[in-house]
**Student:** 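Before anything else, here's the structure in question.
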Amino acid sequence: MELLEWDARAYDALPLPHKRWGPATVARLALTGREAVLDLGCGTGRDAEQLLERLPDGRVVAVDGSQQMLERLAERLADRLDRVEVVRADLRDPLPLDAPVDAVVSVATLHWIPDHARLFENVASVLRPGGQFVAEAGGFGNITAIRAALTAIGADEGAGIWNFAGVAETRTRLEAAGFREIEVELVPDPARLAAGEQFEAFLATVVLAAHLRGLPAAERRPFVHAVVERLPGPVVDYVRLRISAVRR
Ligand SMILES: C[S@@+](CC[C@H](N)C(=O)[O-])C[C@H]1O[C@@H](n2cnc3c(N)ncnc32)[C@H](O)[C@@H]1O
């Protein structure tokens, strides 16, 4: 499948729960300030910016597949790009890094990657022994109400779009990929938005971007509206998969 482009400006303008998930995930990293940290699915660079503050003598490797997201990141970090390696790459493939990193962080990205066993092997292959991997993403049970609404309007409920993994399978895959000290949990974390325009913009930009890509422009708003009409309220019923592990 072709990589999805994101509307980076619309994305950044939204009241994203990612703005809490990012700092909470970065805070789980134990850093001295000298490390090289890989941000997997870095988006517009919000978390990379925060990482740079914790890495006065370190650097960030920012990887994403979306050109628009990376352009916005380069704007945001324009005065610090000497400490940022920006890499456009498909996370379904081996990571094209020149040197190993000391830690890996990932926010709201893993559920876009269909094969987690392979992804964790790829992460392990660029992470130094003893290096930390912390991540959060949509997990098993994520956006169940939205998927039911998609089914109700005869649309793709997303089994081929998202990979909402559970705790046991994630733990098994991390062990097999070479991680120890594995902690995995699923945490319901619904996000309530303002009804109407804000909720519809959020769904269009963040949750239903892959669905809308295949539709003519004139059909996009009616599609989002049809989903909203089948939901009990302006809530995205997020369930987050939180991961912490150390490379053996
Ligand atoms: C919901 S955004 C999260 C971005 C950022 N971490 C944040 O919290 O705002 C998901 C990101 O994953 C990236 N992504 C999804 N699938 C990808 C793939 N196969 N290869 C590379 N990047 C991918 C998207 O381009 C997007 O920037």
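Whatever order the structure lists them in is the order used to number ligands and atoms, beginning at 1.
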**Student:** Should the pair Glu136-Arg240 be classified as a salt bridge under the 4.0 Å nitrogen-to-oxygen rule?
**Tutor:** yes
**Student:** Without hydrogens or angle criteria, can the side chains of Thr205 and Asp7 be said to hold a donor-acceptor pair below 3.5 Å?
**Tutor:** no
**Student:** For the backbone of Gly166 and the side chain of Glu169, can you confirm whether one donor and one acceptor N or O come within less than 3.5 Å of each other?
**Tutor:** yes
**Student:** Anything under 3.5 Å between an N or O on ligand 1 and a protein N or O? List each pair with its distance, or write none.
**Tutor:**
from: ligand 1; atom 1: 6 (N); to: Gly41; atom 2: O; distance (Å): 2.7
from: ligand 1; atom 1: 6 (N); to: Val107; atom 2: O; distance (Å): 2.9
from: ligand 1; atom 1: 8 (O); to: Arg46; atom 2: NH2; distance (Å): 3.2
from: ligand 1; atom 1: 9 (O); to: Tyr11; atom 2: OH; distance (Å): 2.6
from: ligand 1; atom 1: 9 (O); to: Arg46; atom 2: NH1; distance (Å): 3.3
from: ligand 1; atom 1: 9 (O); to: Arg46; atom 2: NH2; distance (Å): 3.0
from: ligand 1; atom 1: 12 (O); to: Thr109; atom 2: OG1; distance (Å): 3.4
from: ligand 1; atom 1: 19 (N); to: Asp90; atom 2: OD1; distance (Å): 3.0
from: ligand 1; atom 1: 20 (N); to: Leu91; atom 2: N; distance (Å): 2.8
from: ligand 1; atom 1: 22 (N); to: Gly65; atom 2: N; distance (Å): 3.0
from: ligand 1; atom 1: 25 (O); to: Trp6; atom 2: NE1; distance (Å): 3.4
from: ligand 1; atom 1: 25 (O); to: Asp64; atom 2: OD1; distance (Å): 2.5
from: ligand 1; atom 1: 27 (O); to: Asp64; atom 2: OD1; distance (Å): 3.1
from: ligand 1; atom 1: 27 (O); to: Asp64; atom 2: OD2; distance (Å): 2.6

**Student:** Test question: given the 4.5 Å side-chain rule for I, L, V, M, F, W and Y, name all other residues clustered with Val84, or answer none.
**Tutor:**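 Val84 clusters with Val26, Leu29, Leu31, Val37, Leu51, Leu52, Leu55, Val60, Leu70, Leu73, Leu77, Leu81, Val86, Val105, Val134.
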**Student:** I'd like to check the side-chain contact (heavy atoms from CB on, under 4.5 Å) partners of Ala201; sequence neighbours left out, ordered by chain and number.
**Tutor:**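 Once residues adjacent in sequence are excluded, the partners of Ala201 under the side-chain contact (heavy atoms from CB on, under 4.5 Å) criterion are Leu14.
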**Student:** Taking only residues two or more places apart in sequence or in another chain, which ones pass side-chain contact (heavy atoms from CB on, under 4.5 Å) with Pro114?
**Tutor:** Arg92
